[in-house]
There are 2 protein chains.
Amino acid sequence: MSTIAKAMELLNFFSLDRPEIGLSDFHRLAGRDKATTFRHLTALESVGLLEQNPATRAYRIGPAVLRLAHLREVTLPRRAGVRMVLPRLAEITGETAHASILDATGLTTLAHHENKSHSARVVLHESSLPLHATASGIAVLAYGGAALMDHALDQMQVYTDSTMRSRDEVTAAADTARKIGFSIANQSYEAGVTGIGTPLFDSNGIAGSVAVAAVSSRLTPELQHTIKQELRRAARIISQHWGGSIPPALENAWTTHLGPDNACAPADQTEKAS
Amino acid sequence: MSTIAKAMELLNFFSLDRPEIGLSDFHRLAGRDKATTFRHLTALESVGLLEQNPATRAYRIGPAVLRLAHLREVTLPRRAGVRMVLPRLAEITGETAHASILDATGLTTLAHHENKSHSARVVLHESSLPLHATASGIAVLAYGGAALMDHALDQMQVYTDSTMRSRDEVTAAADTARKIGFSIANQSYEAGVTGIGTPLFDSNGIAGSVAVAAVSSRLTPELQHTIKQELRRAARIISQHWGGSIPPALENAWTTHLGPDNACAPADQTEKAS
DNA sequence: CTTGCTGGTTCATTATTTAAACCGATGGTT
DNA sequence: AACCATCGGTTTAAATAATGAACCAGCAAG
């Protein structure tokens, strides 16, 4: 593995729970030598990808990422296409809608929209989602190929009693998702929350997923049907906005599972969402 | 220089004008061997910092930066403190207000707010500002130490007829800014636009700057006075929000140049901006 | 069929990275 | 005070990884 990749791996140890990491912690977390780790950290710091908290000497993500993220969003907008449909998705379903983007390390939440009318609503607190335990994750696994599946199966953390523990369960869930066009994660990430998701595509192919996280006790068959129809609609709009197209296999899965796009007959070219 | 830093340097060649760069262009821009460049690029791609446009094979900034930027903004919010004051700054001055953050590579625009009432207003189009040619840049140079000044003097691009060309001019401008507490860039970056700026601080010290970009023909002495007073106010609020404090030297410079904080007598603890 | 470009690859040489041990400082215990 | 553990950081020879000249293959224009 190149030293560049090794250094970059260090960045993946940051999370909302662990926003600052000291040298020794990095040394332990990464399992690499301390001197090596130190050299990597200072190198990352020199380019602004990390910065050091002067008080604790711990490292945190640096300001350079803001510049890069801005540049990325300006030259290749992703949020715009998502923000266009999430409000409607949350409103019609009455639950929390969110969209995620796939990268080398997993699934990153791009935007989310909570439905304010319910007092009990699902609050998303993590920006990075596990592939094997969420509807969003299963959705991308269903269309992501073998390499992504291997990657997911290598790190199967357990979150709830219902989290899938065996590799076979995960592949089976992905197969089901591929068959019906939607992934369903019943309390496998968070107790009391059921996720329903479907994949998103850009010109590269699979690029992310859009999902609705519903309070399990509210999830009637009718609501589930509504959610799926709205997800289909949202996935079409977002994927189109991202320069991608829905694979015929997925179109077929949707149609056989839900019936043709009867909600709005003119099909593809419906009016834009609010 | 570490290979990590060398690889990361490649990311700095991206800009709004050049959002995608091919292998050969990188090889030329960076002046490094093509094989080396290629390996760096694939390494960066493997960790999601870059991705390849499948059509052109050119490289562009990857999705991983979105995750990192989100994490940074959640754990160390910077935009929040800025968004709190920019609208007022733009409204009262009637011009365009913006705030930038300092990192290893220069000054990155964090947020900006245009005043919609004027038909002729300054539109910011770049996310990265040159240190030597903008009010924002001079403001941080005045408080940034010798290393930053050297860095700035090494890359003095010329933008307009009024862009400072000699190193002495830049250091003199920084000295003036240090003396009066405000930096002024008269059409040195864009013709017809005069910038007035003042530095921002976090717990590390100098961290960025806030500035107003005004249409030069509208900039009366009275308006300039208003802008400075509002900048002082904004800089206080933002720096406090960022966990920093205004150095006594800057406080003194402000006071001798503007007089005491007469706009709102109770001084420090005024009510929050809208 | 050149010529000149593109992205990508190979392999011997070279130089950077690596890891064990070491350092000095800090902080809590006995 | 002495002790112990831990912190961030530094040093060394040994090993691994980076390097760059040359080389491919594909493509477009002349």
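Given the structure is predicted, the values throughout are model-derived calculations rather than measurements. Throughout, a chain's letter reflects where its sequence line sits, starting with A, and its residues are numbered from 1. Scope of the values below: all heavy atoms of this structure, side chains included, with no hydrogens, waters or symmetry mates.
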Enquirer: Kindly write out the residues that satisfy side-chain hydrogen bond (donor to acceptor under 3.5 Å, both in side chains) with B:Thr198, not counting sequence neighbours, or none if the list is empty.
Expert: B:Trp254
Enquirer: Considering only heavy atoms from C-beta outward, does the side chain of B:Leu231 approach that of B:Val210 to under 4.5 Å?
Expert: yes
Enquirer: Look at the side chain of B:Thr56 and the backbone N and O of B:Ala58, then say whether any donor-acceptor pair between them is shorter than 3.5 Å.
Expert: yes
Enquirer: Which residues pass the side-chain hydrogen bond (donor to acceptor under 3.5 Å, both in side chains) test with B:Thr163, sequence neighbours left out?
Expert: B:Thr160
Enquirer: End-to-end bend of the helix from C:dC1-D:dG30 to C:dT30-D:dA1 (five-pair axes, 10° rounding)?
Expert: 30°
Enquirer: Donor-acceptor check, side chain of B:His27 to backbone of B:Arg32, threshold 3.5 angstrom: yes or no?
Expert: yes
Enquirer: Could you name each residue pair satisfying salt bridge (Lys or Arg N to Asp or Glu O under 4.0 Å) that touches residues 72-81 of chain A, not counting sequence neighbours?
Expert: A:Arg72-B:Glu51, A:Arg78-A:Asp202
Enquirer: Using a strict 4.0 Å threshold on nitrogen-to-oxygen distance, state whether B:Arg232 and B:Glu251 make a salt bridge.
Expert: no
Enquirer: For nucleotides 25-30 of chain D, list the nitrogen or oxygen atoms of the protein found under 3.5 Å from its nitrogen or oxygen atoms, one pair per line.
Expert:
none

Enquirer: Mind listing the residues from residues 52-61 of chain B sitting with a heavy atom below 4.0 Å of DNA chain C? Number order is fine.
Expert: B:Gln52, B:Arg57, B:Tyr59
Enquirer: Is the CG atom of A:Asp154 crowded by more than 12 outside heavy atoms at less than 6.0 Å?
Expert: yes
Enquirer: Please list all pairs meeting ring-ring contact (aromatic ring centres under 6.0 Å, His included) that have one or both residues in residues 51-82 of chain A, counting only residues at least two apart or in different chains.
Expert: none
Enquirer: For DNA chain D, determine which residues of residues 15-37 of chain B have any heavy atom closer than 4.0 angstrom to one of its atoms, and list them numerically.
Expert: B:Asp33, B:Ala35, B:Thr36
Enquirer: Ignoring hydrogens and angles, tell me if any N or O in the side chain of A:Glu45 forms a donor-acceptor pair with the backbone of A:Leu50 under 3.5 Å.
Expert: no
Enquirer: Given that A:Phe38 and B:His40 both sit by DNA chain D, which one's nearest nucleotide is further toward the 5' end?
Expert: A:Phe38
Enquirer: B:Phe201 versus B:Ile238: any side-chain heavy-atom pair under 4.5 Å?
Expert: no
Enquirer: Side-chain donor-acceptor contacts of residues 128-149 of chain B below 3.5 Å, not counting sequence neighbours, with atom names and distances?
Expert:
from	atom 1	to	atom 2	distance (Å)
B:His132	NE2	B:Gln157	N	3.4
B:His132	NE2	B:Gln157	O	2.6
B:Thr134	OG1	B:Pro130	O	2.9
B:Thr134	OG1	B:Gly137	N	2.9

Enquirer: Report the residues that fulfil side-chain hydrogen bond (donor to acceptor under 3.5 Å, both in side chains) with B:Asn252, sequence neighbours left out, ordered by chain and then residue number.
Expert: none
Enquirer: Show every donor-acceptor pair shorter than 3.5 Å between a side-chain atom in residues 5-20 of chain B and any protein atom, with sequence neighbours excluded, or say none if there are none.
Expert:
from	atom 1	to	atom 2	distance (Å)
B:Asn12	OD1	A:Arg67	NH1	3.4
B:Asn12	OD1	A:Arg67	NH2	3.3
B:Ser15	OG	B:Asp17	N	3.2
B:Ser15	OG	B:Arg18	N	3.2
B:Arg18	NH1	B:Phe13	O	2.7
B:Glu20	OE1	B:Asn53	ND2	3.2
B:Glu20	OE2	B:Asn53	ND2	3.0
B:Glu20	OE2	B:Arg60	NE	3.1

Enquirer: Distance under 4.0 Å to a non-hydrogen atom of chain B counts as contact; along DNA chain C, which nucleotides mark the start and end?
Expert: C:dT6 to C:dT17
Enquirer: What is the distance, rounded to the nearest whole Å, between atom CG of A:Leu41 and atom P of D:dC7?
Expert: 14 Å
Enquirer: Taking atom CG of A:Asp161 as the centre, does the number of heavy atoms from other residues, nucleotides or ligands within less than 6.0 Å exceed 12?
Expert: no
Enquirer: For B:Ile4 and D:dA17, give me the distance from atom CD1 to atom C1', rounded to whole Å.
Expert: 12 Å
